[in-house]
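To start, the structure under review is shown below, and the notes come after it.
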Amino acid sequence: MRARVRRIFEKLGGGAEALLLANAIDPHLDQSFFYLFDAPSGLFEGSIALARADGRLTVFSSALEEESARQAAKRDPDVTVEVPATSAQRDAMVRELIPKGATIALNYRELTHEWFCMLEKMLPSSKWIDASSAIRNARMVKDAGEIARLRKAAEIVSSVAREIPGILKAGMTEFELAAELEYRMMRHGSSGRSFSTITAFGPASAEPHYTPGTRKLESGASIVCDFGAFYERYASDLTRSFHFGKRDPELKWVHETVLEAQSAALAVIRAGVPAKEVHGAAAKVVDASPWKGRFTHGLGHSIGLAVHDGFGMNHLSVESLEEGMAITVEPGIYLPGRGGVRIEDDVVVTKTGYEFLTTAPREYIEVPA
Ligand code: GLY
Ligand code: MN
Ligand code: MN
């Protein structure tokens, strides 16, 4: 992981002698800890990753994941693992590695206030700088190992998405469908869902970030399934929309318009293109349709160790796409009180275009009731 550590220090532009990442209690774990320390197993609550500008990394783990930590360190000669018996011992070991009065970079975006107060006591003469933008920018462009994991996470959700028409049954609840999707993701090799699964039936599908409930599936309903898998800590994020039973010509047309909007966005993706132009290409299609203004969110976001992994693509984005970025492309049209359609895929940006990570069919599918 020497290259990743160096990349962050480069983006910091000098001035910091060390970079210190600290995890609190799940779910307050800093995903950047795992960007530096490639341990696919282990929770690492309360652990510290201490990186120096030369690329060396020391991880202070607890005994709870000692085996996972040591296995990971064995594969990476730049990493040393310490398993201190007490927090006093840990603090003394950290102090030994950091010169007095050093400037230490912290991930302000993820470090808890409690941790910061402990660090001030642990390293009283230190100066602090914010590394969060440097870390975010370093993580934005993926290396080959990260892309391989993202691809695997995307294959898992694509396989589950192909199974959805066979799962849908009149009378099933949104909870039951969500449970099926999560169960199947793990059956296909995921370590768990990468965010709270969205399964929305009928009018509920008009709310993009709906929380599933006990609503039952009825004929004539549109269905939105938005779900993601973790594979070796890397996330996927896919949405597929279906129609159940009695045909609805308007929702079919909505689906075709969303698909057209997604294709328009994909057609402009390549390294160097401003993210807001990609959003604009999809918005233009929707705004030229009878559903002008019903695409109510940004087109997508970068994806990686977190499902929302850096920047959002919308009409205000300041970022431009770079080769190796992984992003979602997820236009939608939402008709309040009636239903919605969203189609979401994960892609990697290349010099001349993009490569799909997710692969499940996107076209309009009517599932017989
Ligand atoms: N799953 C939330 C999103 O698509 O951004
Ligand atoms: Mn999603
Ligand atoms: Mn998404």
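This one's a predicted model, so the numbers in the text were calculated from it and none came from an experiment. Whatever order the structure lists them in is the order used to number ligands and atoms, beginning at 1.
Counting only N and O atoms by type, the side chains of R52 and T58 include a donor and acceptor under 3.5 Å apart. Side chain to side chain, T80 and R56 fail the donor-acceptor criterion of an N or O pair below 3.5 Å. A donor-acceptor contact under 3.5 angstrom links the side chains of R342 and Y334, judged on distance only. There is no side-chain donor-acceptor pair under 3.5 Å between E155 and Y231. Side-chain N/O atoms of T358 and D345 include a donor and acceptor closer than 3.5 Å.
Using a cut-off of 2.8 Å, one finds that H308 contributes no N/O/S atom close to the Mn ion (ligand 3). For D226, every N, O or S atom stays at 2.8 Å or more from the Mn ion (ligand 3).
With hydrogens left out, the protein atom closest to atom 2 (C) of ligand 1 is H209 NE2, 3.4 Å, a heavy atom. Nearest non-hydrogen protein atom to atom 4 (O) of ligand 1 is E330 OE1, 2.9 Å.
When each atom of ligand 1 is checked for a heavy atom of H308 under 4.0 Å away, the hits are 2 (C), 3 (C), 5 (O). Near D237, the atoms of ligand 1 lying under 4.0 angstrom from a non-hydrogen atom of the residue are 1 (N), 3 (C), 4 (O), 5 (O). Here is the list of ligand 1 atoms found below 4.0 Å of a heavy atom in F195: 1 (N).
Rounded to 10°, the angle formed at the Mn ion (ligand 3) by E344 OE2 and D237 OD2 is 80°.
The atom name of the N/O/S atom in E330 closest to the Mn ion (ligand 3) is OE2. The N, O or S atom of H301 with the smallest distance to the Mn ion (ligand 3) is NE2.
At least one N or O atom of E344, backbone or side chain, sits closer than 3.5 Å to an N or O atom of ligand 1. Annotation: R342 places no N or O atom under 3.5 Å from an N or O atom of ligand 1; distance criterion only.
W128 and F116 have perpendicular rings, their planes meeting at more than 60° on a 0 to 90° scale where under 30° would count as parallel. Using bins of under 30°, 30° to 60° and over 60° for the plane-to-plane angle, the ring pair H279/H315 lands in the tilted bin.
With hydrogens and angles ignored, the 3.5 Å screen pairs a side-chain donor or acceptor of E176 with a backbone N or O of T173.
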